[in-house]
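Here's the structure, in structure tokens; my notes come after.
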Amino acid sequence: FYALPQSPQLFKQLLMASGFDRYMQIVKCFRDEDLRADRQPEFTQIDLEMSFVDVDDVITINEGFLKRAFKEALGVDIETPFLRMPYKEAMERFGSDKPDIRFGMELVNVSDLVSGCGFKVFADAVANGGSVRAINAKGCGKFSRKEIDSLVEFVKTYRAKGMAWIIVEENEVRSSITKFFSEDEMKALLARTAAEPGDLICFVADKNEVVFDSLGALRVEIAKKLGILNNKEFKFLWVTEFPLLEYDEEEQRWVAKHHPFTSPMDEDLEYLESDPGRVRAKAYDVVLNGTELGGGSIRIHMQDLQSRMFKLLGFTEEEAWAKFGYLLEAFRYGVPPHGGMAYGLDRMIMLMAGKSSIRDVIAFPKVQNASDLMTNAPDVVDQKQLDELHLKVTE
């Protein structure tokens, strides 16, 4: 079998090592993931890599590319430079690393206000290291109980156990949880969330990951219900300073957030072994209207740092050389700093066309279960074909 771990990434880096100063390709790719509205099993990618660049260089070049593409294709003038937002800020404010900034409804942390309250769900979440956060759905106090219940069910699909809510009226608040709060505590909550008569305040209490996922999705769901999302408005931003690593509870080890060849930020190198979760990456995603258009990073270009990274990810020195020896060997000869990124072309066209599904801009799309209704694929093959490929099917 041919096996290509992190396949295109390594070839891009080796091109930079060999003396190419830059390259760009438009290529068909295949994805082994669950399909979503903006994902298909095969897709088209714009891929670029450059030598002797840093984060600012890559961002500046790509802003120019996007500005020209939108001007020539749509006649739309995009304002540059784009907003840049660190990953931590994006999560705290929007609950997402690809935030839609066309509207407000930002997350508000109320953990400090409820840590000692009488509502056990809130108090326990904070005590267990989680948080309690809220969004103010302005003007949604008019939602019916049925509509609010549908929001409760919605957040459950993001692993939240439920959603508490408060409707703010002219002279009172209406909620099943008001009895757990003193008058001063309730005033503090309303002040923190900038609540006014007619607003609906939605709360989720859980581990931070669950709170961010559920409230991040909820603010978009409410915006859709209110009809305030304008597909002709293009709001770009860069999300930067992603965590370099994340801890895999199942495997009980650190894994790369992007890929094992992403360079750590210089000021965080000292924490690579002592506090891996603290290390930020020279990684960046360009986001448009809540959709990730593309992403990339500055790559590791020194053998000693790459070896440290492999060791941190659980590779022995022998395993690292067996699997990635050709890259480590290339690093012995002096490799320029390099970096790049890749775009999902179909996804970009989807947004430019104002569509909500990538299937609307692909000639022969697959349906949700990755089957092709036109050719009836996938389907069974005959024994002769299997024999030619030396494949044996077992029951």
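FYI, side chains are in, hydrogens and waters are out, and symmetry mates aren't considered; it's all heavy atoms of this structure.
- A donor-acceptor pair is defined here as one N or O able to donate and one able to accept, closer than 3.5 Å; such a pair exists between the side chain of Arg192 and the backbone of Asn109.
- A salt bridge does not link Asp382 to Lys384: none of the charged nitrogens lies less than 4.0 Å from a carboxylate oxygen.
- No more than 12 heavy atoms of other residues, nucleotides or ligands lie within 6.0 Å of CZ in Phe364, so this atom counts as exposed by the packing criterion.
- Within the 3.5 Å criterion, the main-chain N or O of Lys232 finds a donor-acceptor partner in the side chain of Asn230.
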| request: Test Val108 against Asn136 for side-chain contact (heavy atoms from CB on, under 4.5 Å), laying out the working first. | output: CA-CA 8 Å; Val108 180; Asn136 182 347; over 6 Å; no
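- Nearest heavy-atom pair, Arg347 versus Ile358, reported as atom, atom and distance to 0.1 Å: N-CD1, 3.9 Å.
- Checked against the 6.0 Å centroid criterion, the rings of Phe119 and Phe122 qualify as a close aromatic pair.
- Residues Arg308 and Glu273 are paired through a salt bridge, judged by an N-O separation under 4.0 Å between the basic side chain and the carboxylate.
- Hydrophobic clustering of Ile, Leu, Val, Met, Phe, Trp and Tyr side chains at less than 4.5 Å, counting indirect connections, unites Leu237 with Leu229.
- Classification of Lys224 and Asp100 as a salt-bridged pair fails, no side-chain N sitting under 4.0 Å from a carboxylate O.
- In terms of modelled atom types and a separation under 3.5 Å, the side chain of Glu63 and the main chain of Thr60 share no donor-acceptor contact.
- A search for ring pair (Phe, Tyr, Trp, His ring centres under 6.0 Å) contacts involving Trp165 returns nothing, not counting sequence neighbours.
- We find that Lys311 and Glu317 are not joined by a salt bridge, their nearest charged nitrogen and carboxylate oxygen being 4.0 Å or further apart.
- Within a 6.0 Å radius of CZ in Arg84, other residues, nucleotides and ligands contribute more than 12 heavy atoms.
- If you take OH on Tyr326 and CD on Gln13, they are separated by 10.0 Å, rounding to the nearest 0.5 Å.
- Remark: the backbone N or O of Val173 is not paired with any side-chain donor or acceptor of Thr178 at under 3.5 angstrom.
- Cys29 and Gln45 get closest at one heavy-atom pair: SG-CB, 3.7 Å.
- Phe236 pairs by the ring pair (Phe, Tyr, Trp, His ring centres under 6.0 Å) definition with Phe70, Phe82, not counting sequence neighbours.
- In summary, the side chains of Tyr23 and Asp47 do present a donor paired with an acceptor at a separation below 3.5 Å, with no hydrogens or angles considered.
- When atom types are taken as modelled, the side chain of Asp57 and the backbone of Asp54 share a donor-acceptor pair closer than 3.5 angstrom.
- Salt bridge status for Lys88 with Glu241: absent, with no side-chain N to carboxylate O gap under 4.0 Å.
- Between His259 and Phe261, the ring planes lie tilted relative to each other; the angle falls in the 30° to 60° range.
- The pair Arg280-Glu267 meets the salt-bridge criterion, with a side-chain N (NZ, NE, NH1 or NH2) lying under 4.0 Å from an Asp/Glu carboxylate O.
- With respect to Lys98 and Glu292, no salt bridge is recorded, no charged nitrogen being found less than 4.0 Å from a carboxylate O.
- In summary, the side chains of Asp285 and Tyr87 do not present any donor paired with an acceptor at a separation below 3.5 Å, with no hydrogens or angles considered.
- Salt-bridge formation is not detected for the pair Lys142/Asp199: no Lys NZ or Arg NE/NH1/NH2 atom is positioned less than 4.0 Å from an Asp or Glu carboxylate oxygen.
- Contact between Gly141 and Arg174 at its shortest, heavy atoms only, is O-NH2, 4.4 Å.
- Here the side chain of Thr193 pairs a donor or acceptor atom with the backbone of Leu189 at under 3.5 angstrom.
- Considering CE of Met352 and CG of Leu293, their distance stands at 9.5 Å, rounded to 0.5 Å.
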| request: Test Phe203 against Val114 for side-chain contact (heavy atoms from CB on, under 4.5 Å), laying out the working first. | output: CA-CA 11 Å; Phe203 301 87; Val114 301; over 6 Å; no
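- A salt bridge between Lys187 and Glu183 is present, with a side-chain N of the basic residue lying under 4.0 Å from a carboxylate O of the acidic one.
- Contact check for Lys225 versus Ser150: side-chain heavy atoms found under the 4.5 Å cut-off.
- A salt bridge is defined here as a Lys NZ or Arg NE, NH1 or NH2 lying under 4.0 Å from an Asp or Glu carboxylate O, and Arg145 with Asp149 meets this definition.
- The aromatic ring centroids of Phe242 and Tyr284 lie 6.0 Å or more from each other.
- Closest heavy-atom contact between Ile222 and Cys202: CD1-SG, 4.4 Å.
- Taking each heavy atom of Asp206 and Ala160 in turn, the nearest pair found is OD2-CA, 4.4 Å.
- A salt bridge links Arg68 to Glu72: at least one charged side-chain nitrogen sits closer than 4.0 Å to a carboxylate oxygen.
- With salt bridges taken as basic N to acidic carboxylate O contacts below 4.0 Å, one links Lys366 and Glu42.
- The closest side-chain donor-acceptor pair between Asn289 and Thr291, if any, does not fall under 3.5 angstrom.
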| task | Any chance you could lay out the side-chain contact (heavy atoms from CB on, under 4.5 Å) test for Leu373 and Val367, step after step, and finish with the verdict? | result | CA-CA 8 Å; Leu373 300 182; Val367 295; 3.6 Å; yes
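- The side-chain tip of Arg219 does not point at the ring of Phe94 from less than 6.0 angstrom away and within 45° of straight on.
- The shortest side-chain heavy-atom distance between Lys138 and Leu226 does not fall under the 4.5 Å cut-off.
- Checked for salt-bridge contact, Asp268 and Arg278 miss the test: no charged N lies under 4.0 Å from a carboxylate O.
- Electrostatic pairing of Arg253 and Glu251 counts as a salt bridge here, judged by a charged N lying under 4.0 Å from a carboxylate O.
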| task | Test side-chain contact (heavy atoms from CB on, under 4.5 Å) on Phe52 and Arg22 and set out the steps. | result | CA-CA 9 Å; Phe52 299 106; Arg22 58 188 169 179; over 6 Å; no
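- The cluster map of Ile, Leu, Val, Met, Phe, Trp and Tyr, joined by side-chain heavy atoms under 4.5 Å apart, puts Trp254 and Leu272 in the same cluster.
- A salt bridge between Arg299 and Glu49 is present, with a side-chain N of the basic residue lying under 4.0 Å from a carboxylate O of the acidic one.
- Between His301 and His338, the ring-plane angle classifies as perpendicular under the 30° and 60° cut-offs.
- Residues Ser182 and Asp184 bring no donor and acceptor atom of their side chains to less than 3.5 Å of each other.
- In this model, no donor atom of one side chain and acceptor atom of the other lie less than 3.5 Å apart for Gln252 and Asp248.
- At a threshold of 4.0 Å, the pair Lys282-Asp266 counts as salt-bridged, since one of the basic side-chain nitrogens sits closer than that to a carboxylate oxygen.
- Put simply, CE on Met85 and CE on Met91 are 12.0 Å apart, with the number rounded to the nearest 0.5 Å.
- For the residue pair Leu200 and Ile148, the shortest heavy atom distance occurs at CD1-CD1, 4.1 Å.
- Between the side chain of Lys67 and the main chain of Ile78, a donor-acceptor pair closer than 3.5 Å is present.
- Judged by distance alone, the side chains of Ser131 and Asn208 do bring a donor and an acceptor atom under 3.5 Å apart.
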